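See structure below.
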Amino acid sequence: GAGVSQSPSNKVTEKGKDVELRCDPISGHTALYWYRQSLGQGLEFLIYFQGNSAPDKSGLPSDRFSAERTGGSVSTLTIQRTQQEDSAVYLCASSPWGAGSNQPQHFGDGTRLSIL
Amino acid sequence: GENVEQHPSTLSVQEGDSAVIKCTYSDSASNYFPWYKQELGKRPQLIIDIRSNVGEKKDQRIAVTLNKTAKHFSLHITETQPEDSAVYFCAALRFGNEKLTFGTGTRLTIIP
């Protein structure tokens with residue numbers, strides 16, 4: 001596609017439910033990132049995938065958060081047993097290369113997650 | 001880990017004047033510094049970036065300067081226009097560590 005695509009654009013769910021957020025990176029981009037942006041705040045790194053390497057999960061805030069990337073393309077971020085503090089915009093980004101190349105990261109529109 | 005501080009948090013500038021946003025970073029090994037513009041409800045858009053082997057980069061009305069010794073970099077917008085109103089984020093990244101560390105953002109308002 002022309003850009004990074006995320007779905008859904010908005011998600012409202014009850015506390016305690018599980019949610020899945022999807023990211024479709026720019027075609028050919030090997031690096032994929034997830035960030036979280038709370039209201040009026042900066043971007044908080046969550047997880048990074050590069051090709052077939054093991055992901056860098058160092059930014060995941062708790063074991064309720066997990067992510068996978070199938071076939072080196074689409075990624076899914078899963079939040080289990082959601083809490084109100086999980087409410088935020090979840091942004092995905094991709095770049096053509098990964099480690100050492102310092103290529104620009106291109107962002108999707110994000111998923112606005114609201115936990116009631 | 002890396003820590004990026006950004007100032008000011010809010011900035012109001014008369015249309016046509018210049019705006020300057022400053023960031024400092026803690027990791028001397030950081031070597032890539034992008035700037036993103038985020039309009040309300042929109043995705044962050046890369047507007048300019050600089051690598052540590054240069055001290056300044058310009059793109060029309062936008063410029064970024066980097067002082068490696070002092071570990072700070074700045075965004076300069078000249079001849080500001082109403083469409084420049086947005087939140088601007090700086091970020092830093094170190095070779096071999098692909099996690100961008102973002103500043104907390106500057107809300108820039110251009111006053112017509």
Side-chain angles (χ1 to χ4, degrees), chain A residues 1-7 9-10 23-26 29-51 53-60 69 88-112, chain B residues 1-10 21 23-25 27 29-54 57 59 62 64 66 73 86-108:
Chain A
V4 177
S5 177
Q6 290 188 246
S7 62
S9 55
N10 284 284
C23 172
D24 199 344
I26 294 173
H29 281 195
T30 60
L32 186 148
Y33 311 80
W34 283 99
Y35 294 90
R36 179 169 69 175
Q37 186 174 30
S38 300
L39 185 64
Q41 300 297 311
L43 285 78
E44 174 190 4
F45 167 82
L46 297 177
I47 189 169
Y48 158 60
F49 295 89
Q50 167 55 24
S53 302
D56 179 344
K57 305 178 182 180
S58 60
L60 295 178
R69 188 178 184 193
V89 176
Y90 289 81
L91 288 158
C92 177
S94 70
S95 67
W97 301 97
S101 67
N102 292 347
Q103 293 296 313
Q105 295 180 21
H106 301 272
F107 284 84
D109 286 330
T111 293
R112 183 174 299 278
Chain B
E2 175 68 278
N3 182 48
V4 176
E5 294 190 357
Q6 184 171 346
H7 301 280
S9 57
T10 60
I21 302 170
C23 288
T24 60
Y25 60 98
D27 187 348
S30 288
N31 62 344
Y32 175 64
F33 307 92
W35 285 88
Y36 286 85
K37 174 184 180 182
Q38 188 176 31
E39 298 177 45
L40 188 63
K42 301 283 185 64
R43 69 181 71 183
Q45 297 265 21
L46 179 73
I47 55 172
I48 196 167
D49 57 12
I50 191 167
R51 291 174 172 78
S52 59
N53 57 342
V54 298
K57 182 177 178 181
D59 183 2
I62 294 173
V64 56
L66 171 65
F73 56 112
V87 178
Y88 291 80
F89 292 97
C90 63
L93 182 151
R94 177 168 59 88
F95 178 88
N97 180 347
E98 300 310 300
K99 293 176 286 188
L100 274 176
T101 301
F102 284 84
T104 50
T106 296
R107 181 173 300 280
L108 175 63

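Below, chains carry the letters A, B, ... as their sequence lines are ordered, and counting in each starts from 1. For clarity, every value in this text was computed on a predicted model and none was experimentally measured.
Between Phe107(A) and Tyr36(B), the two ring planes are perpendicular [angle over 60°; tilted spans 30° to 60°]. Ring planes of Trp35(B) and Phe73(B): perpendicular class, angle over 60° (limits at 30 and 60°).
Interface remark: Pro34(B) contributes no atoms to any contact with chain A (heavy atom separation under 4.5 Å). Interface remark: Leu91(A) contributes side-chain atoms only to the contact with chain B (heavy atom separation under 4.5 Å). With a 4.5 angstrom heavy-atom cutoff, Glu44(A) does not touch chain B via any of its atoms. Residue Gln38(B) touches chain A through its side chain alone, counting heavy-atom pairs closer than 4.5 Å.
In terms of modelled atom types and a separation under 3.5 Å, the side chain of Thr111(A) and the main chain of Asn10(A) share no donor-acceptor contact. Remark: side-chain polar atoms of Gln50(A) are not paired, donor with acceptor, to backbone N or O of Asp56(A) under 3.5 angstrom.
Comparing Gly103(B), Gly41(B), Pro44(B) by heavy-atom pairs within less than 4.5 Å of chain A, the highest count is held by Pro44(B). Listed options Thr101(B), Val87(B), Leu100(B), Leu46(B) were ranked by heavy-atom pairs under 4.5 angstrom with chain A; first place goes to Leu100(B).
Atom OH of Tyr25(B) is separated from atom CG of Asn31(B) by 9.0 Å, given to the nearest 0.5 angstrom.
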